[in-house]
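Here is how names work: the chains are called A, B, and so on, in the same order as the sequence lines, proteins then strands, and each is numbered from 1.
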Number of protein chains: 4
Amino acid sequence: MSPEVKTPDPARRSERSRQAILRATRELVSEVGYAKLSIEAIATRAGVGKQTIYRWWRSKGAVVFDSFLALSEGADGMALPDTGDIAADLKAVLRATVAEFADPAFEAPIRALNLEIAGDPELAAQYRKKLAGPVDEAKKERLRSAQRAGQIAADADLDLALELLYAPLYQRWLLRSGPLTAAYADALVDHALRALRP
Amino acid sequence: MSPEVKTPDPARRSERSRQAILRATRELVSEVGYAKLSIEAIATRAGVGKQTIYRWWRSKGAVVFDSFLALSEGADGMALPDTGDIAADLKAVLRATVAEFADPAFEAPIRALNLEIAGDPELAAQYRKKLAGPVDEAKKERLRSAQRAGQIAADADLDLALELLYAPLYQRWLLRSGPLTAAYADALVDHALRALRP
Amino acid sequence: MSPEVKTPDPARRSERSRQAILRATRELVSEVGYAKLSIEAIATRAGVGKQTIYRWWRSKGAVVFDSFLALSEGADGMALPDTGDIAADLKAVLRATVAEFADPAFEAPIRALNLEIAGDPELAAQYRKKLAGPVDEAKKERLRSAQRAGQIAADADLDLALELLYAPLYQRWLLRSGPLTAAYADALVDHALRALRP
Amino acid sequence: MSPEVKTPDPARRSERSRQAILRATRELVSEVGYAKLSIEAIATRAGVGKQTIYRWWRSKGAVVFDSFLALSEGADGMALPDTGDIAADLKAVLRATVAEFADPAFEAPIRALNLEIAGDPELAAQYRKKLAGPVDEAKKERLRSAQRAGQIAADADLDLALELLYAPLYQRWLLRSGPLTAAYADALVDHALRALRP
DNA sequence: CGCTAAACGAGACGGTACGTCGGGTCTTAGT
DNA sequence: ACTAAGACCCGACGTACCGTCTCGTTTAGCG
C-alpha cells in the first residue's frame with residue numbers, strides 16, 4: 001500500500017556510535033584527505049559496523065558534512081565586531097579569514113567540505129541553511145549597521161555586497177590563483193566599500 | 001643523482017590513441033559525470049589498453065583536464081569586444097558567461113574540471129597556465145584599454161579587478177548560492193566599475 | 001606473539017558459493033584446460049565475487065584440488081576385489097586404470113591435478129592425505145591378504161610394492177613415453193609379483 | 001599460392017643473443033621458479049628484444065627446454081659403468097640419481113622441466129628424442145651386457161626393465177611421496193633384478 | 001666495398017588476468 | 001530493535017605480461 005521505505009527509528013539511535021563516527025571522520029579527513037577517505041576506514045576507526053553508517057547517512061559526503069556541522073554546533077551567537085568603523089571592522093574579519101585559510105590544519109578539511117558541497121546540490125542546500133546561513137546573517141547585520149550609519153548605500157543589495165567582499169578571497173583560495181595576504185584583505189575591503197558607497 | 005624514473009618516449013606515442021582517449025573522456029564525463037567516470041570505461045570506449053592511459057597520464061583528473069585542454073586548442077585569438085563603452089562591453093561578456101553556466105551541457109563538464117582543479121595543486125597550476133591565463137590576459141587587455149580611456153583608475157590592480165567582476169559569479173555558480181541572471185551580471189559590472197573608478 | 005593474520009570465520013561461509021565455485025572449476029578445467037583456467041573465469045561462471053575465492057583458497061591450484069576432492073567425497077569404502085588370486089585381481093585393477101588414463105574425459109583434469117601437485121609441496125601433502133592415502137591403503141590391504149595367502153613375501157615393503165606396480169604405469173602416462181595397453185598392465189603385474197615372491 | 005608463412009633465416013641468427021637468452025632463462029628458473037618465469041624477464045635479463053625470443057621459440061616451455069638441452073650438449077659418450085656385477089653397477093647409478101634429486105640446486109630446474117614436458121606433448125616428444133633417448137639407450141646397453149652375462153633374462157623387455165628401476169624413484173621424487181635414500185635405491189635394484197632374473 | 005634485406009634492441013600497443021580495495025547489501029549474534 | 005562484525009556480489013583499481021606491431025640500428029651476404 002504505502003511505499004514502505006524502511007526508515008530507522010531515530011529514537012533508538014546510538015549517540016555513542018554517532019559521535020564516534022563523526023570523530024573518526026574528522027580525524028581521517030585530516031590524515032588522508034577527502035579523496036582517499038573511505039566508509040570502510042571510518043567504520044573501522046570508529047569501531048562501528050558499516051551498516052550503522054549507511055543507515056543514518058546517504059553518502060560519504062553527508063558524513064563529512066555532518067562531521068563539520070557537529071564542530072560548529074553551539075558556536076552560534078557569532079556577531080561581528082562593531083566599532084562604528086565599518087572599514088576597520090571588515091578588514092579585521094577578512095584578515096582573520098585569510099589567516100584561517102593559510103593554516104594547513106584548516107586547509108585540508110575545509111577544502112574537502114567545499115569540494116563536497118560543490119559536487120552535491122543537496123548538501124549545498126544544507127550547507128547554506130546550517131552553516132553559511134547564520135554566518136552570512138551575522139555579516140549582513142554588521143552591514144545593516146553600516147547602512148544606518150550612512151557608510152553604505154541604504155538600498156545596497158547585501159547578498160551582492162557579501163559576494164564582493166568574500167568571493168574574490170574564496171576564489172583565490174580555492175583555485176590557488178594568487179597570494180592571500182593581509183594587504184589583499186585590506187584592498188578587497190577598500191574596493192568593496194567604494195562600490196557600496198551611498 | 002637523478003630519480004631515474006623510467007619515462008616513456010613521447011616520439012613513439014600513438015596520436016590515434018591519444019585522440020581516442022580524450023574524445024572518450026569527454027563523452028563519458030557528459031554521460032555519467034565526473035565522479036562515476038572510470039579509467040576502465042575510458043579505455044574500453046576508446047578501444048585502448050588501460051596501460052596506455054597510465055603510461056601518459058598520472059591520474060584520472062589529468063586525463064579529464066587534457067580532454068578539456070584539447071577542446072580549447074586553436075581557440076586562441078580571443079580578444080574581447082571593444083566598443084569604447086567598458087560597462088556595455090563587460091555586461092555583454094558577463095551575460096554570456098551567465099548563459100554558459102546555465103546551459104546544462106556545459107555545466108557538468110565545467111564543474112568536473114573545477115572540482116578536479118580545486119583538489120589538485122599541480123593541475124591547478126597547469127590550468128592557470130594553459131586555460132585561465134590566456135583568457136585572463138585578454139580580459140585585462142580590455143581593462144587596460146578602459147584605463148587609457150580614463151574609465152578605470154590608471155593604477156588599478158587588474159588581477160583584483162578581474163576578481164571583483166568574476167569571483168562573485170563563479171562562487172554563486174559553484175556553490176549554487178543564488179540565481180544567475182542577466183540582471184545580476186549587470187549589477188556586478190556596475191559595482192565593480194564603481195570600485196575601480198579613477 | 002601470533003602472526004595475527006586475519007582469518008575468515010568458517011562458520012559464516014556460504015555453502016552455496018562454495019559449491020558453485022567447485023562446480024564451475026570442474027567445468028572450466030574440462031572446457032579450457034588447466035593452463036588457461038583463470039580465477040576471473042571461475043568467479044564469473046560461479047556468479048561469485050573474486051574476493052570470495054581469494055578469501056577461502058590460497059591459489060588457483062588449491063581450488064582445482066578442492067574441486068577434485070569434492071568429487072571423491074563419499075566414494076570411500078573402496079576395497080579391491082579379492083578372489084584369492086592376487087595376480088588376476090591386480091591385473092583387473094591395473095587394466096581398469098589403463099582404461100581410465102586412455103579416456104580423454106579423464107585425461108585432462110587428472111593431468112591438471114598432477115601438475116598442480118607436482119609443483120606445490122603443500123598441495124602434495126594434502127593430496128597424499130586426502131586422496132592417495134585411502135586408495136593406497138585399500139591396495140595395501142589386498143596385498144596383505146596375499147601375504148597371508150603366501151603369494152607375496154611376508155616381509156615385503158608394501159609401499160615399494162605399490163610403486164613397483166603403479167609407478168611405471170604412472171610415468172608412461174605422465175610423460176607419454178610409451179603405449180598403455182592391457183598387455184602392458186599384465187606384464188607389470190607379472191614382473192612385480194615375481195619381485196615380491198616369498 | 002603457398003602458405004607464405006614468413007620463416008626466419010637461421011643463417012642470420014645471432015648466436016650471441018641465443019646464448020644470452022638460454023643463460024638468462026637458466027638463471028631465472030633457478031631464481032624465481034618456473035611458474036613465475038616470464039618472457040619479459042628473460043628478454044630484459046638477456047638484453048634482448050622480446051621479438052627475438054618469439055621469433056625462435058614457440059612458447060616459454062620451448063625456451064626452458066632448450067636452455068636445458070644446451071647444458072647437456074657435448075655430454076654424450078655417457079656409457080654406464082660395467083664391472084660385470086650388474087647389481088653393484090645399477091646401485092651406484094641409482095644412488096647417484098638419488099643424490100642429484102636431493103640437491104636443491106638441481107631440484108628446481110629439473111622439476112620445471114618435468115612439469116613442462118608433462119603438460120606439452122610436443123615438448124615431450126622432443127625430450128624423449130634429445131634428452132631421455134640417449135640416456136636410456138646407454139642404460140639399455142648395460143642391461144644387454146647383463147643379459148649376455150646371464151644375469152638378466154635374455155628375452156626381458158628392456159623398456160619395462162628401465163621403468164621398473166627408475167619409475168618408482170621418479171614418482172617418489174615428483175610427488176614427494178616418500179624419502180629418497182641410498183637404501184631405497186638398493187632395494188629398488190634388488191627387486192627389479194629379481195623380477196628380471198632368467 | 002657498398003647495398004640491401006633481415007635480424008636485432010627497444011618499447012608502445014590492445015588485451016587478459018592478476019590480487020586488492022572499497023561500495024553497498026545482507027545475515028548472524030549479541031546486547 | 002539496533003548494533004558490531006563481517007561475508008557477500010560487484011566494479012574498479014593499478015600492475016604484470018602476453019603476443020603483435022612498429023621503430024631506428026646493426027650486421028651479414030651478394031653483387
Whole-Å distance between [N] [atom2] and [X] [atom1]?
X: A:Trp56; N: F:dT3; atom1: CH2; atom2: C1'; answer: 11 Å
X: C:Glu15; N: F:dA7; atom1: CD; atom2: P; answer: 16 Å
X: B:Ile53; N: E:dG15; atom1: CD1; atom2: P; answer: 12 Å
X: D:Arg16; N: E:dA7; atom1: CZ; atom2: C1'; answer: 14 Å
X: A:Arg18; N: F:dC2; atom1: CZ; atom2: C1'; answer: 16 Å
X: B:Arg58; N: F:dC13; atom1: CZ; atom2: P; answer: 16 Å

side-chain hydrogen bond (donor to acceptor under 3.5 Å, both in side chains) with [X]: which residues, sequence neighbours excluded?
X: A:Gln19; value: A:Glu15
X: D:Ser14; value: D:Ser17
X: D:Trp56; value: none

Review point. Can you check whether A:Ala118's main-chain N or O pairs, donor with acceptor, with B:Arg176's side chain at less than 3.5 Å?
Key: yes

For [X], side-chain contact (heavy atoms from CB on, under 4.5 Å) partners two or more places apart:
X: A:Ala124; value: A:Ile117, A:Arg128
X: B:Ser30; value: B:Pro109
X: C:Ala46; value: C:Ala20, C:Ile21, C:Ala24, C:Val48

Revision key, fill the gap. Residues in residues 38-48 of chain A with a heavy atom under 4.0 Å of DNA chain E, by number, are A:Ser38, A:Ile39, A:Glu40

Review point. Which residue lies toward the 5' end of DNA chain E, A:Leu37 or B:Arg13, if each is placed at its nearest nucleotide?
Key: B:Arg13

Study note, to complete from the structure: Contacts of C:Asp9 and B:Lys36 projected onto DNA chain F by closest heavy atom; the upstream (5') one is C:Asp9

Check your understanding: What string of B, S and - do you get for nucleotides 20-31 of chain F, 5' to 3', when a contact is any protein heavy atom under 4.0 Å?
Key -> BBBB----B---

Practice item. Identify which nucleotide among F:dA7, F:dT3, E:dA12 has an atom closest to any side-chain atom of C:Arg55, counting heavy atoms from C-beta outward. Key: F:dA7

Study note, to complete from the structure: Winner on side-chain proximity to B:Ser17, out of E:dG14, E:dC8, E:dA6, is E:dG14

Sequence-distant partners of [X], salt bridge (charged side-chain N to carboxylate O under 4.0 Å, His left out), two or more places apart:
X: B:Arg16; answer: none
X: B:Arg111; answer: B:Glu107
X: B:Glu27; answer: B:Arg23, B:Arg45

Check your understanding: Using a cut-off of less than 4.0 Å, is there contact between a side-chain N or O of B:Thr52 and OP1 or OP2 of E:dG14?
Key -> yes

Review point. Given E:dG19, is OP1 or OP2 found less than 4.0 Å from the side-chain N or O atoms of C:Trp57?
Key: no

Check your understanding: What distance separates C:Ile39 CD1 from C:Trp57 CH2, expressed to the nearest 0.5 Å?
Key -> 9.5 Å

Review point. When rounded to the nearest 0.5 angstrom, what is the spacing between CG in D:Leu115 and CD1 in D:Ile110?
Key: 12.0 Å

Review point. Quick one, which residues of residues 59-68 of chain B touch DNA chain F with a heavy atom under 4.0 Å?
Key: none

